[in-house]
Amino acid sequence: MCLLQGPPGSGKTTLALQFLLAGAKQGEKGAYITFSETAVELRQSAKSHGWSLNGLSIIDLTKMNSELGLEKQYTVLHPADVELAETSTELLKKIKVLSPRRLVLDSLSELRMVARDPLRYRRQILALKQALSELGCTVLFLDDQTSETGADLLLQSIAHGVVQLTSEETSQGALHRRIKVTKMRGVSFFEGAHDFTIATGGIKVFPRLAPAGDASLDGLNAGPALASGIKELDELMGGPIPWGFGLMIVGPPGIGKSSLAAQFAVSAVRDGKKVCMYSFEESVTTFLRRCESLGIGIARHVKTGAVEIKRVDPSRITPGQIIHDISTSIENNHAGVVVIDSLNGYLQAMSSDRSFIVHLHELLAYLNARGVITILVSTQHGFINVDQSSFEATYLADLVILLRYFESLGTVRQAISIIKNRSQDHERNIREFEVGKKGIRIGVPLTGFQGVLTGNPEFSGESGTLIRDQDAKTKTSFHHRGTGPVVRAVRQRH
């Protein structure tokens, strides 16, 4: 005897029908006893999912006077006038005739109203449980939880198993549905809340990630660490990124976080790895066009299938679906790098900041244990003066790259620094970071910075050390080196 609880509209009837249809595929008889919905309504619901209930027995008790043979004054509109014992007796007679292996009773709230007294209700449910057990029948009781809490606890204590369905509205206006097994006697089960959706074809559950063990890199993603493809960046990080690491790129909007993530993705493809990218904010077309303009040739890798980019709408997808998609890419497509751009968009699919941190911790533990490099892009609030009140998740990452804007002689520039690396010692300096037509470039270490970590950096060093000043110097030097010998040769010939 299993108890399926949930408020109206949470998906109890849909799940119950799937339970019966799954048994029918195995040749098991199924019966659906309904006190609330008519047989016609049940068949209409099944039809909307593309199901046929022809192989199931439906006992429609919405008209109890005709189905149970009771007096005409007993109607479903006045269940308190009906004797529960007589109702249960007639139910058992019908069930014995059908001899189903799977049975659904929808719903217990009707029987509860008939009983009137909690003690009497408990005794009748116990008697019904015993009788059904003797028939060798697995029964699923549906409860819409419209009664007091005490009655719900009473049912949970009687049942062998308890499954609860919940739904809550997200900040985007969508429904976040969850299923949780709170009790299952004699059977080990996966605890916690799991996301599920209701669509054409029924309920689809997205289980939470299984607890990950210690990381083992003996499998697919073993091999040399991942270099960025930019010498100065590798020097800044202290070396390439080990497999099974979580990398977080943090910075204000428009500074080049996504471009840097794309650079790592292209580098991974060159090492023979597959990459899966999830974009929560930018369209795939815009992202590819921008990368091409920067000389980051990721589009050709998308065409070959080495890089898969998925546009995610947080208002139409649950965190469980995202997790399921990522785990599928790892297990089936053998992705070696996963990019999530950005965590701020990911957060919009969550019900709270606390659940987001727990969710992110489980995801990183799962990916790290499988030797996958996870690149997380995090946009900090504010453009110049960074707001530190945004969610803090850098402690979950193994490597953190910090990008900042700074001003030098009336020009807005970018700076890059490493604030955390768990695997190796990294460079403590701050370097200039530039994203332009020449791609991503990183300058020499700069010592004239103050206040970078506070979000309001100031540069008071020599301007000649900046990237564009060095470009101008190199161009001038190249000009002199190129014309000098020509001038001397002309003079000699003259």
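Since the model is a prediction, treat every value here as computed from it, not as a measurement.
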Peer 1: How about Ser327 and Leu209: do any of their side-chain heavy atoms sit closer than 4.5 Å?
Peer 2: yes

Peer 1: Side-chain polar contacts of residues 131-139 - donor-acceptor pairs under 3.5 angstrom, sequence neighbours left out - could you list them?
Peer 2:
unit_1, atom_1, unit_2, atom_2, d
Ser133, OG, Lys129, O, 2.8

Peer 1: Between His49 and Ala199, is there a donor-acceptor pair closer than 3.5 Å when you use the side chain of the first and the backbone of the second?
Peer 2: yes

Peer 1: Which distance, rounded to the nearest 0.5 Å, do you find between the CG of Leu165 and the CG of Asp144?
Peer 2: 12.0 Å

Peer 1: Between Asn54 and Arg43, does the side chain to side chain contact (heavy atoms under 4.5 Å, CB included) criterion hold? Intermediate values first, please.
Peer 2: CA-CA 9 Å; Asn54 293 335; Arg43 296 186 187 279; 4.1 Å; yes

Peer 1: With side chains defined as the heavy atoms from C-beta onward, is the minimum distance between Thr318 and Arg177 less than 4.5 Å?
Peer 2: no

Peer 1: Is the number of heavy atoms from other residues, nucleotides or ligands under 6.0 Å of Arg123 CZ greater than 12?
Peer 2: no

Peer 1: Can any side-chain N or O of Asp271 pair as donor or acceptor with the backbone N or O of Lys273 at less than 3.5 Å?
Peer 2: no

Peer 1: If we ignore hydrogens and angles and just use 3.5 Å, is the side chain of Lys204 paired with the main-chain N or O of Gln321 as donor and acceptor?
Peer 2: no

Peer 1: Do Asn421 side-chain atoms and Met237 backbone N/O form a donor-acceptor pair below 3.5 Å?
Peer 2: yes

Peer 1: Where do Asp398 and Asn368 land on the side chain to side chain contact (heavy atoms under 4.5 Å, CB included) test, with the steps shown first?
Peer 2: CA-CA 10 Å; Asp398 302 296; Asn368 292 354; 3.7 Å; yes

Peer 1: With no hydrogens and no angle check, is any side-chain donor or acceptor of Lys12 less than 3.5 Å from a backbone partner on Pro7?
Peer 2: yes

Peer 1: Are any of the side-chain nitrogens in Arg290 or Glu282 under 4.0 Å away from the carboxylate oxygens of its partner?
Peer 2: yes

Peer 1: Would you give the length of the straight line joining atom OG of Ser36 to atom CG of Leu142, rounded to the nearest 0.5 angstrom?
Peer 2: 8.0 Å

Peer 1: Return the set of residues passing side chain to side chain contact (heavy atoms under 4.5 Å, CB included) with Thr394 (not counting sequence neighbours), or none when no residue passes.
Peer 2: Met248, Val250, Glu392, Val400

Peer 1: Yes or no on side chain to side chain contact (heavy atoms under 4.5 Å, CB included) for Leu4 and Leu15, after CA distance, side-chain angles and deciding distance?
Peer 2: CA-CA 9 Å; Leu4 179 60; Leu15 183 56; 3.8 Å; yes

Peer 1: By the salt bridge (charged side-chain N to carboxylate O under 4.0 Å, His left out) test, which pairs, at least two apart or in different chains, include something from residues 184-195?
Peer 2: Arg178-Asp195

Peer 1: Is there a side-chain contact between Trp243 and Val372 (heavy atoms, below 4.5 Å)?
Peer 2: no

Peer 1: Between Ile418 and Leu399, is any pair of side-chain heavy atoms under 4.5 Å apart?
Peer 2: yes

Peer 1: Can you check whether Val163's main-chain N or O pairs, donor with acceptor, with Lys180's side chain at less than 3.5 Å?
Peer 2: no

Peer 1: Name the orientation class of the two ring planes belonging to Phe280 and Tyr346 (parallel below 30°, tilted from 30 to 60°, perpendicular beyond 60°).
Peer 2: parallel

Peer 1: Is it the case that atom NZ in Lys96 sees more than 12 heavy atoms from other parts of the structure closer than 6.0 Å?
Peer 2: no

Peer 1: Could you check whether any side-chain N or O of Lys29 sits under 3.5 Å from a backbone N or O of Ser57, counting only pairs where one atom can act as donor and the other as acceptor?
Peer 2: no

Peer 1: Atom CZ of residue position Arg422 - does it have more than 12 heavy atoms of other residues, nucleotides or ligands inside 6.0 Å?
Peer 2: yes

Peer 1: Do Ser342 and Glu281 meet the criterion of a side-chain donor-acceptor pair at a distance under 3.5 Å?
Peer 2: yes

Peer 1: Do Trp51 and Leu20 have side chains that approach each other closer than 4.5 Å (heavy atoms only, starting at C-beta)?
Peer 2: no

Peer 1: Is the closest side-chain heavy-atom distance between Asp143 and Leu155 below 4.5 Å?
Peer 2: yes

Peer 1: Report the residues that fulfil ring-ring contact (aromatic ring centres under 6.0 Å, His included) with Phe141, sequence neighbours left out, ordered by chain and then residue number.
Peer 2: none

Peer 1: Return each pair, listed once, that meets salt bridge (charged side-chain N to carboxylate O under 4.0 Å, His left out) where at least one residue sits in residues 319-329; pairs must be two or more places apart or across chains.
Peer 2: Lys310-Asp325

Peer 1: I'd like to know whether Ser283 forms a side-chain hydrogen bond (donor to acceptor under 3.5 Å, both in side chains) with Thr286, so could you lay out the CA-CA distance, the side-chain angles of the two residues, the decisive distance to 0.1 Å, and finally the verdict.
Peer 2: CA-CA 5 Å; Ser283 68; Thr286 304; 2.8 Å; yes

Peer 1: List the steps and the verdict of side chain to side chain contact (heavy atoms under 4.5 Å, CB included) for Phe245 and Ser423.
Peer 2: CA-CA 9 Å; Phe245 245 47; Ser423 68; 3.2 Å; yes

Peer 1: Would you say the side chain of Ile330 lies within less than 4.5 Å of the side chain of Val338, judging by non-hydrogen atoms?
Peer 2: yes

Peer 1: Name all pairs fulfilling the salt bridge (charged side-chain N to carboxylate O under 4.0 Å, His left out) condition that reach into residues 331-341, sequence neighbours left out, sorted by first residue then second.
Peer 2: Glu331-Arg370

Peer 1: Strictly distance-based, threshold 3.5 Å: is any side-chain N or O of Gln263 a donor or acceptor partner for the main-chain N or O of Ser228?
Peer 2: yes

Peer 1: Is a side-chain N or O of His301 found less than 3.5 angstrom from the main chain of Val307, in a donor-acceptor match?
Peer 2: no

Peer 1: Report yes or no: does His194 contribute a side-chain atom to a donor-acceptor pair with the main-chain N or O of Arg208 at less than 3.5 Å?
Peer 2: yes

